[in-house]
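Below is one structure; the comments refer to it alone.
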Amino acid sequence: MNISTATLHELAAELKAGNLSSVELCQSCLDAVAQRDGEIGAFLEINQDNVLASAKAADERRASGNALSDYDGIPIGIKDNISVKGERCSCASKILENLTSPYDATAVERLRKQGFIPFGRLNMDEFAMGSSCENSAFQKTRNPLDTTRVPGGSSGGSAACVAAGFAPAALGSDTGGSIRQPAAFCGVVGMKPTYGRVSRHGLVAFASSLDQIGPFTRDAEDCGILLDAICGFDKMDSTSLPDAAGGFADAARAGAATGSLKGMKFGLPKEYYSGGIDAGSAKVLDAAIEKVKSLGGEIVDVSLPHTKYAIAVYYIIATAEASANLARFDGMRYGCRIEGSDLTDTYFKSRGNGFGDEVKRRILLGTYVLSSGYYDAYYLRAQKVRTLIRKDFENAFNACDMMLTPAAPQVAFKFGEKSDPLQMYLSDIFTISLNLAGSCGIAVPAGVDENTGMPVAMQLLGPAMAEAKLLQATAAFMRA
Ligand code: GLN
């Protein structure tokens, strides 16, 4: 078997059959990282000793008939804003460069319960602000399919890790598209679960009302396997959903078994198809729509009239929340501290040196829209428009089971191509509304752009709690 392309369920079968040990699997992943990550730059750090010790323990459990699950001993890459006890968690920022996590994020704790092994700290845009990984304070991550291009962002390290064959799956976070867009750019599956589905405890907050942790995988079943592992109520996150969750891998298996989309209605929001996407991607998307029809799916037209405000609303709400969340990084309790002549000077020097330009831009914007005299005009109004965007989604889902849209306006772009921040912000045009609406979505590899040879994804957007249906459809589509 080729470990660099194997899925979680294939690896689980090999482990179970005794054809592969966890130590062999993890060593093979570490070797792949040693060989190629110098060029790709997906990892900020990887603690080999910890990984191999965990792998050895997993092998011992399995040998004595005490495997924690079918997946005991499989490595999972972790984005560097998700806490792993005893390891550093920098959010790719100088201000947290030396912070060590005192506890596991709930998602990580739940992975460990099944025996999954946290595998390295994956690069990202600083504090998850960006769409290309170019905002990391430490390094560039390159797209494994074309190293002159970005892997997307902010979870670019996670996408690159799975695409480059370094680990079979990874966790990322999605505030405005940070799982779906890099998954699309690197040709892997990436899901943003419904807000509240996965606990945010231990995820360093960017915009708390939008952030969600989710999986990067090589197929739909794996996405279900990871979501099954990490989802569910957590008393440590007051926004965590009380609903019983699970059955996601089974839903994907059912989709793969039938290969049929019969009885499913796919809405095409007309605002997402009114230009603004490059010709090569449009061609792949057209073919994907035809394929959905040929598998028995029904296509209907829907409309999201307030979608045109999504970028503006997002960059008010997300920056407002970020300015509040990042206020705690002041050189007193965490990370970098640069001593000044007095307290205020210490704040200025620590924050001035610790944060990169994009993060400073967001803090300034966010502080501005929350300030007295501007609050009503910007923040309050943005909240009202957010409600309209959410209602648009609810209305659209009255007419369809899920929406089928582009994931990004273009394929992975080249380094430096979007030097103007607004250009960068606009690249999230197809992903951002979903976070504002709070429901779930998935980027599904759909084909290759004939001009660049780069992957193109379709995006499926579902109502709240519809992950099972999305995974069923994704599995059926990918089988075909
Ligand atoms: N690219 C968007 C931003 O810069 C979304 C990032 C994310 O989802 N974390 O804010």
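Ligands are counted one by one from 1 in listed order, and the atoms in each one are counted from 1 as well. Since the structure is predicted, the reported quantities are computational estimates derived from the model, not experimental observations.
With hydrogens and angles left out, the side-chain atoms of T106 and D234 include a donor and acceptor closer than 3.5 Å.
Using a 4.0 Å cut-off between a side-chain N of Lys or Arg and a carboxylate O of Asp or Glu, D174 and R180 qualify as a salt bridge. Using a cutoff of 4.0 Å between basic side-chain nitrogens and carboxylate oxygens, K308 and E271 are not scored as salt-bridged. Salt-bridge formation is not detected for the pair E109/R112: no Lys NZ or Arg NE/NH1/NH2 atom is positioned less than 4.0 Å from an Asp or Glu carboxylate oxygen.
Nearest heavy-atom pair, F185 versus A408, reported as atom, atom and distance to 0.1 Å: CE1-CB, 3.8 Å.
Residues lining ligand 1 at a heavy-atom distance below 4.0 Å are given as A128, M129, G130, S131, S154, D174, T175, G176, G177, S178, F206, Y314, Y315, R362, D428, ordered by chain and residue number.
A parallel orientation is assigned to the rings of Y315 and Y425, their planes being inclined by less than 30° (bins at 30° and 60°).
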